[in-house]
Chemist: 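Can you read through this structure? Questions will come right after.
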Amino acid sequence: QAATGSLSGSTIGIYAGNTGMGATSVTTAGTISETGTGGYGVYAINGTPSLGAGTGLTVTQAATGSISGGAYGIFASNRGTGATTVTTAGAIAGTTSGIDVYSGKATTDVTVTQSAGSITGGSNGIFAQNWGSGDLTIDQTAGSITGSSFGIYAGSYGTGATAIAAAGTVKGTNTYGIKAYNASTATNLTLDQTAGSISGGTYGIIAQNNGTGATSITTTGTVTGTSSDGINATNASTAGNLTVAQSAGSISGGTNGIW
């Protein structure tokens with residue numbers, strides 16, 4: 001889609017469904033909107049819940065773009081065998097999630113990157129789950145990510161690591177700025193804030209590693225948990241080292257700065 005283009009639908013702006021053997025790619029630079037109340041700006045899916053198909057799944061938005069949906073701005077579901085990549089630089093909005101990513105058990109890496117713009121969800125800014133064998137990476141180099149429940153939720157339920165990098169504004173107005181979760185099968189959990197602010201109505205950052213690797217949190221900007229903890233980090237008995245390092249900025253919580 002070119003920058004001058006406009007697409008709209010009452011249920012879905014763009015639907016890309018692949019039940020074949022190849023990859024799925026959606027590239028947008030213009031305006032995409034869903035004009036109803038419960039649909040999708042972009043809905044991209046490889047395979048079906050009962051039958052996996054397809055390989056890689058990629059959604060790319062240029063800085064000139066705008067994507068909005070009644071429920072989801074971008075919904076990317078990969079039940080195939082490859083990697084899942086969502087890259088954004090414009091405006092994205094949904095009343096449930098700005099971006100929702102699901103990657104099934106036969107898949108590999110999941111990467112969500114924001115280089116500019118805004119990602120806004122009524123409940124979640126970014127909600128990403130990886131059940132596959134690869135890593136889950138969320139990389140914000142600029143821009144804003146906002147939701148009422150989660151600014152960012154990243155959950156690794158497969159066998160890879162979780163890595164979040166934040167350099168802009170991340171806000172969970174009611175609950176979590178960032179929540180990172182590793183299930184028992186996952187490995188390392190890393191969160192690196194190089195600039196900007198992370199804030200949540202309850203927790204600024206909450207990191208829970210039930211896997212087998214180390215947990216590392218590094219902050220340079222502002223981290224705020226209004227009613228509870230600025231940073232809350234826990235390792236299960238199976239996990240490795242737990243490290244929280246502040247190189248600059250401020251960390252504050254209604255109850256604890258770091259817990």
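Every heavy atom of this structure was used, including side-chain atoms; hydrogens, water molecules and symmetry mates were not.
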Chemist: Is a side-chain N or O of S184 found less than 3.5 angstrom from the main chain of N210, in a donor-acceptor match?
Modeler: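 The answer is no, because no donor-acceptor pair under 3.5 Å joins these two groups.
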Chemist: In the hydrophobic cluster built from side-chain contacts under 4.5 Å, what are the other members alongside Y153?
Modeler: Y102, F127, W131, F150, Y157, Y176, Y181, Y203, I206
Chemist: What is the minimum heavy-atom distance between G82 and N78, and which atoms define it?
Modeler: O-ND2, 3.5 Å
Chemist: With no hydrogens and no angle check, just 3.5 Å: does a side-chain donor-acceptor pair link S216 and T190?
Modeler: no
Chemist: Applying side-chain hydrogen bond (donor to acceptor under 3.5 Å, both in side chains) to S247 and T220, what does each step give before you reach the verdict?
Modeler: CA-CA 5 Å; S247 60; T220 304; 3.1 Å; yes
Chemist: In Å and rounded to the nearest 0.5 Å, what is the CD1 to CD1 distance from I99 to I126?
Modeler: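 It is 5.0 Å, given to the nearest 0.5 Å.
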Chemist: Side-chain heavy atoms under 4.5 angstrom apart, residues restricted to Ile, Leu, Val, Met, Phe, Trp, Tyr: same cluster for I178 and V244?
Modeler: yes
Chemist: With side chain to side chain contact (heavy atoms under 4.5 Å, CB included) as the test, would you mind laying out the steps for D109 and T137 before giving the verdict?
Modeler: CA-CA 8 Å; D109 294 334; T137 302; over 6 Å; no
Chemist: For a ring pair (Phe, Tyr, Trp, His ring centres under 6.0 Å) with Y15, tell me which candidate from F75, Y43, Y72 qualifies.
Modeler: Y43
Chemist: Keeping the roles fixed (side chain from N46, backbone from T55), state whether a donor-acceptor pair exists under 3.5 Å.
Modeler: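 Yes; judged by distance alone, with no hydrogens or angles, the pair exists.
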Chemist: Determine yes or no for a side-chain-to-main-chain donor-acceptor pair under 3.5 angstrom, with S97 supplying the side chain and S123 the backbone.
Modeler: no
Chemist: Of the options N130, I138, L57, which is the one that meets V110 in a side-chain contact (heavy atoms from CB on, under 4.5 Å)?
Modeler: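 Single side-chain contact (heavy atoms from CB on, under 4.5 Å) partner of V110 among N130, I138, L57: N130.
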Chemist: What residues form a side chain to side chain donor-acceptor pair (under 3.5 Å) with D229, not counting sequence neighbours?
Modeler: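 Counting only residues at least two positions away or on another chain, D229 forms a side chain to side chain donor-acceptor pair (under 3.5 Å) with N232, N256.
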Chemist: Heavy atoms only: give me the nearest I67-G73 pair and the separation to one decimal.
Modeler: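 For I67 versus G73, the nearest heavy atoms are CG2-O, 3.2 Å.
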Chemist: Which atoms form the tightest heavy-atom contact between I217 and A207, and what is the distance?
Modeler: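 What the structure gives for the nearest pair is CD1-CB, 3.9 Å.
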Chemist: Is a side-chain N or O of T159 found less than 3.5 angstrom from the main chain of A186, in a donor-acceptor match?
Modeler: no
Chemist: Is there a side-chain contact between T111 and D139 (heavy atoms, below 4.5 Å)?
Modeler: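 Not touching, per the 4.5 Å side-chain cut-off.
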Chemist: Using 0.5 Å steps for rounding, measure from the OG1 atom of T224 to the NZ atom of K171.
Modeler: 10.0 Å
Chemist: Atom OG1 of T218 and atom CD of Q193: how far apart are they, to the nearest 0.5 Å?
Modeler: 10.0 Å
Chemist: Is it true that the side chains of T215 and N235 contain a donor and an acceptor less than 3.5 Å apart?
Modeler: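 N235 and T215 do have a side-chain donor-acceptor pair below 3.5 Å.
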Chemist: Give me the atom names and distance for the closest heavy-atom approach of V223 to G230.
Modeler: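 Looks like CG1-O, 3.3 Å.
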Chemist: With a 3.5 Å distance limit and no angle check, can you tell me whether S199 reaches the backbone of T173 through a side-chain donor-acceptor pair?
Modeler: no
Chemist: Do any N or O atoms from the side chain of N182 and from the backbone of T187 form a donor-acceptor pair under 3.5 angstrom?
Modeler: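 Indeed, once roles are kept as given, a pair shorter than 3.5 Å links the two residues.
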Chemist: Using the test side chain to side chain donor-acceptor pair (under 3.5 Å), find all partners of N188 that sit at least two apart in sequence or belong to another chain.
Modeler: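 With sequence neighbours excluded, N188 shows a side chain to side chain donor-acceptor pair (under 3.5 Å) to no residue whatsoever.
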Chemist: Identify whether I152 and V101 are in the same connected component of the hydrophobic contact network (ILVMFWY, side-chain heavy atoms under 4.5 Å).
Modeler: yes
Chemist: Between the side chain of S118 and the main-chain N/O of A91, is any donor-acceptor distance below 3.5 Å?
Modeler: no
Chemist: Any heavy-atom pair between the side chains of I74 and T88 that's under 4.5 Å?
Modeler: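 Of all side-chain heavy-atom pairs linking I74 with T88, at least one is under 4.5 Å.
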Chemist: Should T234 and Q208 be marked as a side chain to side chain contact (heavy atoms under 4.5 Å, CB included) after you check the CA-CA gap, both sets of side-chain angles, and the distance that decides it?
Modeler: CA-CA 5 Å; T234 58; Q208 183 178 356; 3.7 Å; yes
Chemist: Looking at side-chain heavy atoms only, is the closest gap between I251 and I258 below 4.5 Å?
Modeler: yes
Chemist: Answer yes or no: are there more than 12 heavy-atom neighbours, outside K179 itself, under 6.0 Å from its atom NZ?
Modeler: yes
Chemist: Hey, does the side chain of N124 reach the backbone of G147 with a donor-acceptor pair shorter than 3.5 angstrom?
Modeler: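 Absent.
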Chemist: Counting distance only, does the side-chain N/O of T24 pair as donor-acceptor with the main-chain N or O of G17 below 3.5 Å?
Modeler: no
Chemist: Answer whether the closest heavy-atom distance between the side chains of T219 and Q246 falls below 4.5 Å.
Modeler: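 A side-chain contact under 4.5 Å exists here.
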Chemist: Are V42 and I45 connected into the same hydrophobic cluster when the rule is that any two of I, L, V, M, F, W, Y join if their side-chain heavy atoms are below 4.5 Å apart?
Modeler: no
Chemist: Measuring from Q140:CD to T113:OG1, what's the distance to the nearest 0.5 Å?
Modeler: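 Between atom CD of Q140 and atom OG1 of T113 there are 10.5 Å.
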Chemist: I'd like to know if I92 and I164 are part of one continuous hydrophobic network [Ile/Leu/Val/Met/Phe/Trp/Tyr, side-chain heavy atoms within less than 4.5 Å].
Modeler: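 Yes: a chain of side-chain contacts under 4.5 Å links I164 to I92.
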Chemist: Shortest non-hydrogen contact from G177 to V170?
Modeler: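 Minimum heavy-atom separation between G177 and V170: O-CG1, 3.4 Å.
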Chemist: Are V112 and I205 connected, step by step, through hydrophobic side chains (Ile, Leu, Val, Met, Phe, Trp, Tyr) whose heavy atoms are closer than 4.5 Å?
Modeler: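 Cluster IDs for V112 and I205 match.
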Chemist: Please report the shortest heavy-atom distance between T175 and S149, naming the atom on each side.
Modeler: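 Smallest heavy-atom distance, with atoms named: CB-O, 3.3 Å.
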Chemist: How long is the span from the CD atom in Q1 to the OG1 atom in T60, to the nearest 0.5 Å?
Modeler: 12.5 Å
Chemist: Nearest 0.5 Å, please: how far is CD1 in I119 from CD1 in I145?
Modeler: 4.5 Å
